[in-house]
2 protein chains.
Amino acid sequence: MADIPARTEIGVTTGPIRGSRKIHVGPLNVAMRAIDLDPGCGEPPLNVYDTSGPYTNPDARIDIMAGLPQLRRSWIEARGDVESYDAREIRPEDNGQLGPDRSGGVPQFPRMVKRPLRAKAGQNVSQMHYARRGIITPEMEYVATRENLGREALREYARDGESFGAAIPDYVTPEFVRDEVARGRAIIPNNVNHPESEPMAIGRNFLVKINANIGNSAVASNVASEVDKLVWSIRWGADTVMDLSTGRNIHDTREWIIRNSPVPIGTVPIYQALEKVGGIAEELTWEIFRDTLIEQAEQGVDYFTIHAGVRLPYIPMTAKRVTGIVSRGGSIMAKWCLAHHKESFLYERFDEITEIMKAYDIAYSLGDGLRPGSIADANDEAQFSELYTLGELTHRAWKSDVQVMIEGPGHVPMHKIKENMDKQLEVCGEAPFYTLGPLTTDIAPGYDHITSGIGAAMIGWYGTAMLCYVTPKEHLGLPDRDDVKTGVVTYKLAAHAADLAKGHPAAKMRDDALSRARFEFRWRDQFNLSLDPDTAESYHDQTLPAEGAKTAHFCSMCGPKFCSMKITQEVRDFAAKQNQPADAFLASGGPTGAETAAASRAAAIRGMEEMSERFREKGGEVYLPAE
Amino acid sequence: MADIPARTEIGVTTGPIRGSRKIHVGPLNVAMRAIDLDPGCGEPPLNVYDTSGPYTNPDARIDIMAGLPQLRRSWIEARGDVESYDAREIRPEDNGQLGPDRSGGVPQFPRMVKRPLRAKAGQNVSQMHYARRGIITPEMEYVATRENLGREALREYARDGESFGAAIPDYVTPEFVRDEVARGRAIIPNNVNHPESEPMAIGRNFLVKINANIGNSAVASNVASEVDKLVWSIRWGADTVMDLSTGRNIHDTREWIIRNSPVPIGTVPIYQALEKVGGIAEELTWEIFRDTLIEQAEQGVDYFTIHAGVRLPYIPMTAKRVTGIVSRGGSIMAKWCLAHHKESFLYERFDEITEIMKAYDIAYSLGDGLRPGSIADANDEAQFSELYTLGELTHRAWKSDVQVMIEGPGHVPMHKIKENMDKQLEVCGEAPFYTLGPLTTDIAPGYDHITSGIGAAMIGWYGTAMLCYVTPKEHLGLPDRDDVKTGVVTYKLAAHAADLAKGHPAAKMRDDALSRARFEFRWRDQFNLSLDPDTAESYHDQTLPAEGAKTAHFCSMCGPKFCSMKITQEVRDFAAKQNQPADAFLASGGPTGAETAAASRAAAIRGMEEMSERFREKGGEVYLPAE
């Protein structure tokens, strides 16, 4: 991938995104990016949603040893419903050391939180709980400002889209955010022990979000690169990041990531719990799992993937599948259930888990442990049986005012995608859907960011609130730096395509700004307005490196003589000088069919008459001088 | 891109596709690829559609100086309706040399066709003409065998898909092909002067096809690399190739390409005609254009893009667009119409063009010169006005039994894609739709193979017959070798996703075979069954280079302890030993909603009882020994 900024000596990528300026908006200083356009074009800067945190702010001092400023600390304390207490003691097994010796080589984070926060006895600190009591929190206000970008300028935009029953407002008020959270249609994942996070919402009536997965693995990786993977993913637009680390040093690695993350962090606690029992699924116990939840809650994990829908009776339903159970968490729980011939402890202890979630404001991400791992297994009985259980659990969590989102597939051919969305909305009461892809074919390993980007754009359009990215290495190996960027940018464009199709008011502004820049040969503006300015510019420069080409009224695709846009500009200048016969029809907003045909015939005659008349008036001067 | 075979001294890429074997099927020796699977798996070889021609056949002698064998020559002559005649004389301007001197440096093809074929006086040699007279040609038989791959084995497959009114047969007979061509719902583009081509069909009831564009440009390129771009694109699956060359040596370059092409070649003749008048659109004349059609017809071009729908009255309708007219051909004709205040000569001379098409069997690709170049301009009046005119011209061409396909957009947000397909089917009488993308957002230059791959998969599902590829360099510069491969593979996966969703009988076999290989850790089979075995294997090897890893029952994504597929295999082996409670529901084919929930509850109880019973029987032996 082109032009990757070098990592600094502290191991993370800093510096502004090319062509963008960090800005902070409103009383809460909501972070955004402003893209300044060529002064000649007379257009205002375009503000875009920005997930990159202080790392892209040249004025910010970055020190990963210290962690990020605690933006939300005062908001949390001001509510007066939390207390600090002595943290659970860290044990060697928390870092995957079954013996006492620490061989992992990952240092402890210098400022480990020794006194974490939790709800006072009998209190519930979830955003849903506040929302249901009519309280608008600063988190909700922050989200409203963040989601509104540019909508002030929208009087000119006619709403245009198909939202399949979503209720996207023209303007996002803090009260709207509160109401969406109260009814469970959106979540704001932010653990009281992760005050560094910039609040964001996940819900079908907000911008479609994307998640990037990072994490070491039993085979490779080290902590510095893990923290930079976080910084690198949010630089390109990841809205949340899941730490899927396994093996050694999980606890310390996670601490480094959370303390340096401006975005919500999610985990799958069963992975760490399994490490603690040496990878033997049948030796997992509720006590070990519960202890792991507390451990991660105190560190500040914002949402937990819990595979509580993998119930004993559903497991045999997977036996005849082409690819059985492909979710790690799902297969671990399946193994446990079979080994003990017992119902899953995640299902049976669900209400106890909920008590922990509400004490820290951790959101559920109810895992789809039985998601299909191939086209052949899509929408089968095992998958939907689990989904119905997730619906049951959603309503149980909501009884305790705990935030919930639902994880979805997987591998699904295009004609079966919508059924997934419709069933989820129905049985989970519009709780945010969070899908992996889905991949629309199995035959393109090495290109699964694309096979899944297709499904992701479609299911995002249908109503999915967050899309979990897939990298080109899916099914094949560990993603590297370039793979992570490719996955994130692919999912950003899929999410944006979904916002456009849903008719999100602000989405189209960026497409139009970039298209105007393209039409007017403002190459720099075109690069800067794109999701990946570095790659856009470097691709352009591969064939036309000269600085002059950045202002040339052609590109190497067509060459100087053939540029259709150049010719079009002449046509346009010409037509602009005419009393256009087309005006009437343009005003009527695009009639169709016979109507158009008839109108066109009429226009044909009038048009030709008027044009030859103008021609005579002008004494044959048809074209303006070419520049 | 990984592992690109070196170009030979003769400048083109040869050698088998990794893991594939060239085979020739049936009396007509229809070329296909067989992918042999691990003997241990007990599965037969999978035959896949193959566009790569002799270049991937180790037994074939490749000599681009001689061109390919003339597969169709005898079929054409046997029909007795063609005559050979002295070819039109080549002029310097045919090669973009306005002066006499040949400075381009592209040598003439050694065996230039001096006596091309054309229909005898009063004859019509189009496949549509034969089809309508009830004649089944060898071309139609070839297509039937080619499209049928694997369908013999389909008794086991239940049809599953949403085809939006397509009429995809369980089995393709030559008579079915004839009928589709006769009614204009499919075309077989093959000029009588391109006997080297392997017949293929483009139509909504056949596999979705893809086109790759190649061509030099006024700014860069040379002939050897152009011929290899052809060979390289068909290696990865391009079904047709368009030569969009402009500037110098167009005629000679095209001769090299056609003589060495096993796939149909398309062109946009107006580009060359414009070269002949020094790039001054207003100096174009019908005579120069007609002469160019004859020149290219004699060389063997299989389909012509003709922008006959860009009518004078529609041009002002583009004036208020964000990106005006973005089609080169469209803008050239618009400029001509405005300069002369006349209706387009392409429209007015359409029947004369049709006479040429039927004398050589060249198919129309009616160009969408007013396609939208941005999300803002999608589905507007200019675009649909032109589409209605293309519908009118389709029916006019059909009166002369000339084959037609219709070109489509462009830039279209997801919610406006289906309207394009529905209108096209309605006004063009189901003539094959051939679209460029569409791109579903404008904000990702550098990733437009993906923004358009999303739209391409969707419109292919809705009924588009051929998808014109877009490379990562779209809007930015000239695609290089890697870009062409990326574009072709992206479009192959989009076309395949469409075939799957339409319920094409043979499509799912490959997904299932690959998924079984994945589930059983047959890494080599997984690579070989994929669209790009080189990339799949090299990505895998980046983290696990050891040869042993090719047979290891895990990959670096999860590591040895965590592989969900490994755990699943154990679950599966276990469940397989049970008299499964799930059988009844699996057999019933996936009930939904309350039904499932109820069934699941019942299964829960029975399942737990049966399992603990088996457990006792087996004296507590739950797991088979791990391998």
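- Residues B/F527 and A/L476 form a side-chain contact, since some pair of their non-hydrogen atoms from C-beta on lies under 4.5 Å apart.
- At a 4.5 Å heavy-atom cutoff, the contact between A/P472 and chain B is made by backbone and side-chain atoms alike.
- The heavy-atom pair separating A/P445 from B/L514 by the smallest distance is CD-CD1, 4.0 Å.
- Using a 4.5 Å heavy-atom threshold, the side chains of B/H415 and A/D160 count as touching.
- Looking only at side-chain heavy atoms (C-beta outward), A/S530 and B/I443 stay at 4.5 Å or farther from each other.
- Looking only at heavy-atom pairs under 4.5 Å with chain A, the residue among B/A457, B/A497, B/A501 that has the most is B/A501.
- Between A/W461 and B/M458, the closest side-chain pair of non-hydrogen atoms falls below 4.5 Å.
- For the set B/Q526, B/Q383, B/E162, B/H496, the entry with the most heavy-atom pairs within less than 4.5 Å of chain A is B/H496.
- Minimum interatomic distance between A/D532 and B/Y447 (heavy atoms only, all atoms of both residues): OD2-OH, 2.5 Å.
- Note that the CD1 atom of A/I325 and the CZ atom of B/F519 stand 9.0 Å from one another [nearest 0.5 Å].
- With contacts defined as side-chain heavy-atom distances shorter than 4.5 Å, the pair A/M414/B/L500 does not qualify.
- Per-residue heavy-atom pair counts under 4.5 Å with chain A were compared for B/V427, B/L493, B/T440, and the maximum is reached by B/L493.
- Inter-residue side-chain proximity for A/H475 and B/H540 is flagged as unmet; no heavy-atom pair is nearer than 4.5 Å.
- The minimum heavy-atom distance between A/V322 and B/S515, with the atom names listed, is CG1-CB, 3.7 Å.
- Atom OG1 in B/T486 sits 7.5 Å away from atom CD1 in A/I450 (nearest 0.5 Å).
- Under the 4.5 Å side-chain criterion, counting only non-hydrogen atoms from C-beta, B/K508 is not in contact with A/P413.
- Across all their heavy atoms, A/L531 and B/A444 have their closest contact at CD1-CB, 4.2 Å.
- Taking CD1 of B/I454 as the reference point, atom CD1 of A/I454 lies at 7.0 Å (rounded to 0.5 Å).
- For A/K492, no part lies near chain B; criterion is any non-hydrogen pair under 4.5 Å.
- The minimum heavy-atom distance between A/A376 and B/D512, with the atom names listed, is CB-OD1, 3.4 Å.
- Between chain B and the options A/T490, A/V489, A/T389, A/L529, heavy-atom pairs under 4.5 Å are most frequent for A/V489.
- Salt-bridge annotation for B/R510 and A/D442: absent, with no side-chain N of the basic residue lying under 4.0 Å from a carboxylate O of the acidic one.
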